Amino acid sequence: MSTSVLPGARPDRPEEECAVFGVFAPGEDVARMTCFGLQALQHRGQESAGIAVGDGETMVAAKDLGLVTQVFDEATLAALEGFVAVGHVRYSTSGGAASWEAAQPHISAIDDVLIALAHNGTLVNTNALRARLAGEGVQLRAGTDSEAAAKLIGQVTRTSHHLREGIRHAMQAIEGAYAMVLASPDSLYAFRDPNGIRPLCIGALPDGRGWVVSSETCGLDIVGATYVRDVKPGEIVRFNADGLHAEQGVPAGRRASCIFEYVYFARPDSIIDGQSVYQARRNLGRILAQEAPVEADLVLGVPDSGVPPALGFAQESGIPYADGIVKNRYVGRTFIEPTQAMRQLGIRLKLNPLPSVIGGKRIVVIDDSIVRGNTSKKLVQMLRDAGATEVHLRIVSPEVEWPCFYGIDTDTRDQLIAANKGLDEMNAWIGSDSLAFISLDGLHAAVPDALHQGFCDACFTGDYPVAIPDAMAKKSFLTKKDFQDVYAEGAKGTGA
């Protein structure tokens, strides 16, 4: 379910950090292809966009704040000539305002060779890495994870003269979640953290014309590339005139793909690690109907991510599905906000109910998650105002009780409603007639695990696959003991 974002406010739901895209395709308009790929991935980040292109000799780049279509026009794309490109769309997780300096790809010099790096995820040891680099005399300006990773890559590449060795060196030093693409003037590289937390896939262009790398398969589809496989955890893949070369950069660790991709983040037409996102969402609704049945007249899904599970819930329960909530698809993340007076009038920027469908009906509303609960509270009241006689809220993820440190923007634990209230208390505060969440077992059952051998579900369980440093984690927990207990358990389980 979408929400408007007020200046200085955090959205009442988890938000994805960013997406990456890369192309190696001699003879093709790689800048334009990357632009289209980023448009397909726009849902993963709307604060800034950037593209860097290599022509065999050097790199040129363009990036700015705004949506892809706001940053790039015909003239800008025409100036980006070459045969290898990387692109990025960003949503920051710092809680602050977007900045041009933080926009990616990050451009870095290794002696007289330029590289461009784009990153999806969050490194948990960035502060330690930056302190180490500064102590070694490395100048740092951007203040981002990507800058630290690029500088680490450069350290070894200068002496080995092989980017793969530089990437391997960086992968041995960085900790956390990362799916990165890197372009040199003549090659494209893709590499992924050893736990495989953030997604990254490979596609082939028709007739051997080149290769594409994307955060989701929807990015491959838009440029006519065929899905080949996912980048493996800990793997480095290089694309150049010699073709595709893959090697293990660091040993694969405990498999921990982000399970929230299937609940909300990914587009429904994508395939993540071999699993259809749409089918997973249908499965979520079907299982939730088994776990939390209710007598009602209609099933509604909150657009967009709530619609496929609502169809699954309706199919399993036998309750008819109806389109009872309309989404304004032209309202994205925006810095043009309603006045306080407009908000007091109940302005509906993104969602509007259909009284002709809802009026006089007992309805089951399917949504993807509840974070702070404010949006759910407003939604329930909006549906009652539209004439619903009963509103039963069903959520296709378990209770979000723990913050994410791997590239997803979630609130600190004292702001997560499920970490502070029991189910009955949440139901009373939100104002629904009943409230139920899918079980953790139900969530896992909806996404067959044969291909994954493990997910990260830390936002539901507190079981972090990569241990979180004290300085980064403790401000996000309710109490010092709360942090210490969970941190000790996570560190024990990972050996990190």
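Here the structure is a predicted model, which means the values were calculated and not measured.
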When you look at Lys327 and Leu351, which way does the side-chain contact (heavy atoms from CB on, under 4.5 Å) test go after all the steps?
CA-CA 5 Å; Lys327 180 180 179 180; Leu351 299 175; 4.1 Å; yes
Looking at [X] and [Y], would you say the former's side chain and the latter's main chain have a donor-acceptor pair under 3.5 Å?
X      : Y      : value
Arg281 : Ser305 : no
Gln42  : Gly45  : yes
Glu425 : Gly422 : yes
Gln248 : Val250 : yes
Lys63  : Ala103 : yes
Arg90  : Asn120 : no
Arg362 : Val294 : no
Asp433 : Val391 : yes
Ser317 : Ile319 : yes
Thr34  : Gly87  : no

At what distance, to the nearest 0.5 angstrom, does [atom1] of [X] lie from [atom2] of [Y]?
X      : Y      : atom1 : atom2 : value
Ile222 : Ser214 : CD1   : OG    : 10.0 Å
Ile366 : Tyr321 : CD1   : OH    : 10.0 Å
Asn427 : Leu435 : CG    : CG    : 5.0 Å
Cys35  : Leu80  : SG    : CG    : 9.5 Å
Phe455 : Arg254 : CZ    : CZ    : 12.5 Å
Cys459 : Tyr406 : SG    : OH    : 11.0 Å

Scan Phe83, Phe24, Trp211 and name whichever one has a ring pair (Phe, Tyr, Trp, His ring centres under 6.0 Å) with Phe239.
Trp211
Considering all heavy atoms, the nearest Ile287-Gly442 contact
CD1-O, 3.5 Å
Work out which heavy atom in Leu443 is nearest to a heavy atom in Ile438; give both atom names and the distance.
N-CD1, 3.9 Å
Side-chain contact, heavy-atom cut-off 4.5 Å: [X] with [Y]?
X      : Y      : value
Asp297 : Ile363 : no
Ile197 : Tyr178 : no
Phe191 : Val237 : no
Ile370 : Ile430 : yes
Val86  : Leu188 : yes
Leu379 : Val365 : yes
Ser397 : Phe460 : yes
Leu67  : Glu47  : no

Heavy atoms from other residues, nucleotides or ligands near CZ of Phe36 exceed 12 (cutoff 6.0 Å):
no
Please check if the number of heavy atoms outside Lys377 that lie under 6.0 Å from its NZ is greater than 12.
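Correct, the count exceeds 12.
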Hey, is [X] close enough to [Y] for a salt bridge, meaning N to O under 4.0 Å?
X      : Y      : result
Asp193 : Arg198 : no
Glu74  : Arg32  : yes
Asp273 : Lys232 : no
Arg192 : Glu235 : no
Arg44  : Glu216 : yes
Arg413 : Glu401 : yes

Short side-chain donor-acceptor distance under 3.5 Å, Asp441 and Ser439
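The criterion, which ignores hydrogens and geometry beyond distance, is not satisfied for Asp441 and Ser439.
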With distance as the sole criterion, is a donor-acceptor pair present between the side chains of His444 and Asp457 under 3.5 Å?
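Per modelled atom types, His444 and Asp457 side chains form a pair under 3.5 Å.
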Worked verdict on Met33 versus Leu205 for side-chain contact (heavy atoms from CB on, under 4.5 Å):
CA-CA 11 Å; Met33 292 176 66; Leu205 292 170; 3.6 Å; yes
Mind running side chain to side chain donor-acceptor pair (under 3.5 Å) on Arg282 and Gln315 for me, showing each step along the way?
CA-CA 9 Å; Arg282 288 289 296 254; Gln315 181 181 26; 3.2 Å; yes
When you look at Ile51 and Phe72, which way does the side-chain contact (heavy atoms from CB on, under 4.5 Å) test go after all the steps?
CA-CA 9 Å; Ile51 297 173; Phe72 296 101; 3.5 Å; yes
Start with the C-alpha distance between Phe21 and Val212, add both sets of side-chain angles, then the distance that settles side-chain contact (heavy atoms from CB on, under 4.5 Å), and finish with yes or no.
CA-CA 7 Å; Phe21 191 86; Val212 180; 3.4 Å; yes
List the steps and the verdict of salt bridge (Lys or Arg N to Asp or Glu O under 4.0 Å) for Glu291 and Arg394.
CA-CA 10 Å; Glu291 292 185 344; Arg394 294 294 181 268; over 6 Å; no
